[in-house]
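Sequence lines set the chain letters: A, B, ... in the order given, protein chains first and strands last, and positions in each chain run from 1.
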Amino acid sequence: MQFVSLILKNSLRNRRRTLLTIASVALSFCLLGVLLALYNALFFSEAKDEQALRLVTRHKVSLTLVMPKYYDQRIQQVSGVAAVLPTMWYGGAYRDARDQRNFFPRFACDPARLFDVYTDFVIDPEQKQAFIRDRRGALVGKTLADKFGWKLGERITLVGDIFPGELELYLRGIFEHPTDDEVLYFPFEYLYEGLPSGRRDFVGTFVILAKSPEDVPKVSADIDELFRNSPVPTRTETEKAFALSFLSFLGNVKVFLLALCGAVTFTILLVSANTMAMSIRERYREVGVLKTLGFTQRAVMGLLLGEAAAIAMLGGALGLGLASFLCVGIRSLPAFVQETKTLAVEPQVALFCMMFAAFMGIASALIPALGASRASIVDALRFTD
Amino acid sequence: MQDVVIETRKLTKIYKRDEFEVVALKEADFTLRRGDFVALMGPSGSGKSTLLHLAAAMDKPTSGSIRVLGEDIAALRDREIAAWRNRHVGFVFQSFNLIPVLTAHENVELPLKLMRMTRQQREEHSRTALELVGLGDRVGHFPRQLSGGQEQRVAIARAIVTDPDLILADEPTGNLDANSAQEVLTLLRRLNEEFGKTVVIVTHDPHAARFARGIRYIEKGELLPEGATPEDWTPATPFAVTTPGNPKSSAQA
Ligand SMILES: Nc1ncnc2c1ncn2[C@@H]1O[C@H](COP(=O)(O)OP(=O)(O)O)[C@@H](O)[C@H]1O
Ligand SMILES: [Mg+2]
């Protein structure tokens with residue numbers, strides 16, 4: 001394009017105004033970038049490999065209700081199921097429960113079967129065996145262990161709330177996983193010890209590993225169909241959908257995020273439109289000069305809109321840089337959803353934002369640019385501000 | 001090769017503003033031959049610029065006909081007009097109208113960017129034009145770093161860089177001191193004599209008009225016939241304002 005340099009020079013004509021505009025567009029796009037990154041992470045991102053293969057079955061009515069243990073065998077027989085892990089949410093308190101920092105999920109499970117489902121847990125084979133063998137053994141994720149400074153052999157005491165009594169666990173294994181590593185597992189066996197036999201035959205959730213991604217939808221439908229007419233119907237969804245369902249307000253989050261994005265967008269449009277209106281007005285006469293030299297209406301439009309797009313895209317790029325930076329900060333915050341731990345401005349979000357920036361710039365300048373480029377040369381030349 | 005460069009018949013331009021009409025040019029018959037250098041003189045508001053704008057197809061006539069370099073420019077479409085003007089007409093303004101963010105070279109090069117030309121060709125043409133106007137050493141200067149006279153010479157370089165046949169200059173010395181005016185007029189004269197350009201300048205300075213080969217007078221929108229001079233010269237004639245129902249009355253008064 002012949003006129004890129006002219007466009008850039010024009011945009012720097014009123015340096016202070018352009019820089020202020022770029023700054024405000026950048027700030028808006030920073031916010032927009034983070035919001036969209038969140039939105040993307042929560043509602044669009046593909047579950048990764050094994051995660052995409054995992055499903056969770058729970059009581060159809062509520063997560064707080066339990067299912068009969070014998071569902072285990074029935075689920076194992078569903079075609080497409082590779083492995084099943086019954087688990088039970090323990091709740092309870094570690095140290096002072098009033099301090100939120102002491103909260104982390106604790107599950108009772110069958111240690112020998114845990115790694116059949118969580119094939120992506122990385123753990124030293126000796127630790128794995130130690131955990132499977134110890135009736136009071138605990139397995140935790142590395143992030144959690146680091147957080148509390150736990151070493152192997154550490155005694156971890158949990159005080160029950162849903163369940164009576166106390167648990168005295170000994171840390172036997174520490175696994176690594178990129179996201180799901182702020183969790184503690186311990187054996188059912190130990191939990192059941194302190195329970196009356198009537199409470200032993202229930203399970204909170206079944207974690208299921210499907211054989212292939214193609215099996216996932218069918219497995220989910222088949223399991224729920226299996227128990228549809230039983231007294232305890234189930235609901236089976238992907239692990240990711242399950243994780244999101246914890247946020248009961250998520251429906252609102254979606255609306256909220258979109259509303260924020262809309263407000264930010266509108267602000268950018270106003271700021272940019274104001275700048276472009278001013279700078280085009282200042283150059284009204286010059287448009288007449290350019291047309292005298294032989295510039296067509298379309299070429300003039302191109303110059304003016306190109307300038308608006310350049311300013312907006314520069315602001316957009318800066319804003320996205322800032323947003324990536326913010327995402328790094330957010331990643332290190334305590335996670336309320338796993339997704340925020342890997343939050344980043346993904347390439348597709350960045351691309352979308354840049355296209356959006358160009359579009360916003362053009363939209364904001366469209367009306368004054370049309371006015372200026374359509375004006376007759378003599379009117380434009382007579383224009384004095 | 002067309003011998004007649006500009007030919008107008010009963011060329012009329014009426015500007016409408018709200019309910020007022022201004023007859024800026026009234027039935028002008030104007031013929032300009034190749035190689036002519038004509039000064040258009042008349043008081044402010046008499047329609048000099050209007051005639052120049054019509055000749056450069058920068059505006060459309062209300063009635064009458066105009067042919068420039070053999071082209072019926074009123075019949076061309078907007079995009080064709082732009083290309084035609086780019087190639088055939090160089091226009092020089094009173095207030096120079098250089099693009100402030102561009103250097104002298106970039107300003108001069110601008111019309112060439114609308115043509116099929118390599119960067120190198122553009123640079124050559126631009127340098128030639130700037131050397132011709134005596135500013136070969138100022139190619140990298142921005143307008144604000146130049147004097148008024150130099151700015152106007154850059155503007156002339158920009159007007160001639162596409163090698164147009166016709167140069168139209170609207171009060172090119174109006175914003176200049178006597179010395180700079182002299183330089184600019186000499187330059188236009190040279191373009192006419194050495195390079196055979198057909199030139200029209202608008203001026204109300206009789207001294208400037210003497211650089212031209214001929215003078216045409218225009219008063220209240222009426223072009224006086226060739227050779228005629230207004231005996232009752234009254235500068236600063238008020239606008240010719242009429243009501244829509246009676247467009248000609250006051251122009252004749
Ligand atoms: N674009 C325009 N819109 C309205 N009126 C105009 C326009 N251009 C010129 N006029 C009017 O037409 C008359 C002639 O103007 P102009 O040709 O610029 O005079 P000159 O160049 O001789 O001073 C003036 O009364 C002027 O106000
Ligand atoms: Mg004038």
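Annotation: side chain of B:Leu132 is in contact with side chain of B:Leu191 (closest heavy-atom distance under 4.5 Å).
Using a 4.0 Å cut-off between charged side-chain N and carboxylate O, A:Glu286 and A:Lys291 make no salt bridge.
Between chain B and the residues A:Ala299, A:Gly294, A:Gly288, the most heavy-atom pairs under 4.5 angstrom are made by A:Gly294. In terms of non-hydrogen atom pairs under 4.5 Å with chain A, the most contact-rich of B:Leu102, B:Asn86, B:Leu98 is B:Asn86.
Annotation: residues 354-382 of chain A contacts chain B through A:Ile377, A:Val378, A:Asp379, A:Leu381 [non-hydrogen atoms, separation under 4.5 Å].
Geometric assessment of B:Arg17 against the ring of B:Phe20 yields a negative cation-pi assignment under the 6.0 Å and 45° thresholds.
Side-chain contact check for B:Asn175 and B:Ser95: no donor-acceptor pair (N or O, by modelled atom type) lies under 3.5 Å. Checking B:Thr103 against B:Glu106 by side-chain atom types alone, a donor-acceptor pair falls below 3.5 Å.
Within the 6.0 Å centre-distance limit, the rings of A:Phe295 and A:Phe3 are counted as a close aromatic pair.
For a residue to count as touching a neighbouring chain, one of its non-hydrogen atoms must lie under 4.5 Å from one of that chain's; by this rule B:Arg119 does not touch chain A.
Contact record, B:Met58 with B:Phe93: CE-CE2, 4.5 Å, taken as the closest heavy-atom pair.
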